[in-house]
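Accompanying notes for the structure given below.
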Protein chains: 2
Amino acid sequence: MQDHAARRPYHHGDLKNALVLAGIDILETDGLPALSLRAIAARVGVSHTAPKNHFGSLRGLLTAIATEGFGRHAAFMQAGVSDLSEPQARLHAAMEGYVRFARDHPALFSLMFSKEHCEMTDPALRMASAESYAVLAGIARGLEWDKADTPNAQRRTELLLWSIVHGYAELSIAGFAGEELPIAAIMPDFRYRA
Amino acid sequence: MQDHAARRPYHHGDLKNALVLAGIDILETDGLPALSLRAIAARVGVSHTAPKNHFGSLRGLLTAIATEGFGRHAAFMQAGVSDLSEPQARLHAAMEGYVRFARDHPALFSLMFSKEHCEMTDPALRMASAESYAVLAGIARGLEWDKADTPNAQRRTELLLWSIVHGYAELSIAGFAGEELPIAAIMPDFRYRA
DNA sequence: CACTGTATATTTACACTGGAAATATATCTG
DNA sequence: CAGATATATTTCCAGTGTAAATATACAGTG
């Protein structure tokens, strides 16, 4: 058994996490195109082939970065919701958090949904994105809309909400949404069951 | 004045268009990562620096490809709508066309909205994307919803529709939408003014 | 026709990329 | 201590986009 905190098992100690954090750093400051294997490794102070042991390839590292992104994304949404009680307000707050995360971290957000860069079938990534989805779905529970009697109504409602907020986020990032309206400004009026 | 059809003014003749078409070809068969300057040029049979004269850089060429993509995208939507008269059916048909284009041409669609690859401020691109938007907006005209009396109600309605359809398309491509439901399955029930 | 200017395309060179393979080093296990 | 294993480096390679100098084809003019 070893020291728990000051544990530095191998050469670097915690290279795996360090690489992910360095990647996010680069993403925030210089954007997706700057996110090269060599740039990430250099920031941590290791050779550009060091990541291979932990992630297999650049694609693996990017997938890990996206996974961390989903974690932060979920937390971002939760944060704005926790002190609200009214259902509609909670819904709008979560969706506003979704959009604001995309606007504040456009490069990371783009990466998170990029089939080009990430392995979308990766179990860890799926798990993380599911958590993000669960925040929205949890709040949407009890929501009522026109097609409440169709099969899988709940799932379809969640999918609609997710489409709205994700589409608005993407369009906003790409520069097609014009002035940055809050999501509540375009949301239809859903009703909750008493 | 020269021959109109067999016109071959310069070395190649119509390199600009040929490059765009070759790019789309590669996009369809091998996806975005394969879309290199050298690959596109090789397919047309010119050196990899030839595109520079017409597009300045790879980014310029990709922007032109995306512009062509928007043209096809608009046509795709129009096609399914033209023989319908009922407003709601027309709306759903246009949106279904939007999503189907994304599913049938995922690489091209991704490129069209990628700030990473395209110059989103490019006038030709803006013009082309505006045409695509206009198809949806045109059909949405007369649509009535909850906030019809708020300022810019029409614009907000369009933005909502665009967000829904675009978000659903993106999620579908990325593999997050599960089974490929038609867009009508998740659409709320808008009403038209008599 | 020849001459000139310009648009078009090629050649060459360069800095950069990710990945493969062989090597070195640190840590763990016995 | 010795052997095995996980970790990281070094070196090399094929590939990328771009810049600069060069070559070629065309258009317009005398």
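Below, read A as the first sequence line, B as the second, and so on, with proteins coming before strands; counting in each chain starts at 1.
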Polar atom pairs between nucleotides 19-21 of chain D and protein, under 3.5 Å, N or O only, would you list them?
residue : atom : partner : partner atom : Å
dA19(D) : OP2  : K52(B)  : NZ           : 2.4

Check the distance between dT10(C)'s C1' and L15(B)'s CG and give it to me in whole angstrom. 13 Å

Results of side chain to side chain donor-acceptor pair (under 3.5 Å) for H166(A) - residues two or more places apart only: Y98(A), E170(A)

Does A79(B) have any side chain to side chain contact (heavy atoms under 4.5 Å, CB included) partners at least two apart in sequence or in another chain, and if so, which? none

Can you sort out the partners of E28(B) under side chain to side chain contact (heavy atoms under 4.5 Å, CB included), two or more places apart, ordered by chain and number? I24(B), H105(B), L108(B)

Return yes if a side-chain donor-acceptor contact under 3.5 Å exists between R126(B) and T121(B), otherwise no. no

Closest non-hydrogen atom pair between S172(A) and R103(A), with its separation: OG-NE, 2.8 Å

Residues from residues 105-113 of chain B sitting under 4.0 Å of DNA chain C, heavy atoms only? none

If you measure from CD on E131(B) to CD on Q78(B), what distance do you get to the nearest 0.5 Å? 10.0 Å

Could you identify which residues of residues 16-24 of chain B place a heavy atom less than 4.0 Å from some atom of DNA chain D, listed by residue number, or say none? none

Atom pair distance, as rounded to whole Å: NE2 in H54(B) and C1' in dA7(C): 9 Å

Of all pairs that satisfy ring pair (Phe, Tyr, Trp, His ring centres under 6.0 Å), the ones with a partner from residues 50-70 of chain A, not counting sequence neighbours: F70(A)-F113(A)

Can you list every ring pair (Phe, Tyr, Trp, His ring centres under 6.0 Å) pair that touches residues 120-139 of chain B, not counting sequence neighbours? Y133(B)-W162(B)

Set of side chain to side chain contact (heavy atoms under 4.5 Å, CB included) partners for T49(A), sequence neighbours left out: S47(A)

Just how far, in rounded Å, is P of dT25(C) from CG of N53(A)? 16 Å

With the criterion being N/O to N/O and under 3.5 Å, what pairs connect the protein with nucleotides 14-16 of chain D, and how long is each?
residue : atom : partner : partner atom : Å
dT16(D) : OP1  : S36(B)  : OG           : 3.3

I would like to know whether M120(B) and I173(A) meet side chain to side chain contact (heavy atoms under 4.5 Å, CB included); could you show each step before the answer? CA-CA 11 Å; M120(B) 290 304 189; I173(A) 287 180; over 6 Å; no

All side chain to side chain contact (heavy atoms under 4.5 Å, CB included) counterparts of N53(A), not counting sequence neighbours: none

For residues 57-69 of chain A, run the donor-acceptor check on the side chains, cut-off 3.5 Å, and write out each pair with its distance to 0.1 Å, sequence neighbours left out.
residue : atom : partner : partner atom : Å
S57(A)  : OG   : R59(A)  : N            : 3.4
S57(A)  : OG   : G60(A)  : N            : 3.4
R59(A)  : NE   : E119(A) : OE1          : 2.9
R59(A)  : NH1  : E116(A) : O            : 3.0
R59(A)  : NH2  : K115(A) : O            : 3.2
R59(A)  : NH2  : C118(A) : O            : 2.8
R59(A)  : NH2  : E119(A) : OE1          : 3.4
T63(A)  : OG1  : R59(A)  : O            : 2.7
T63(A)  : OG1  : E119(A) : N            : 3.0
T67(A)  : OG1  : T63(A)  : O            : 2.8
E68(A)  : OE2  : R72(A)  : NE           : 2.9

Atom-to-atom span, NE2 of H117(A) to P of dG18(C) - whole angstrom: 11 Å

In terms of side-chain heavy atoms, does R90(A) have a donor or acceptor partner in S85(A) at a distance below 3.5 Å? no

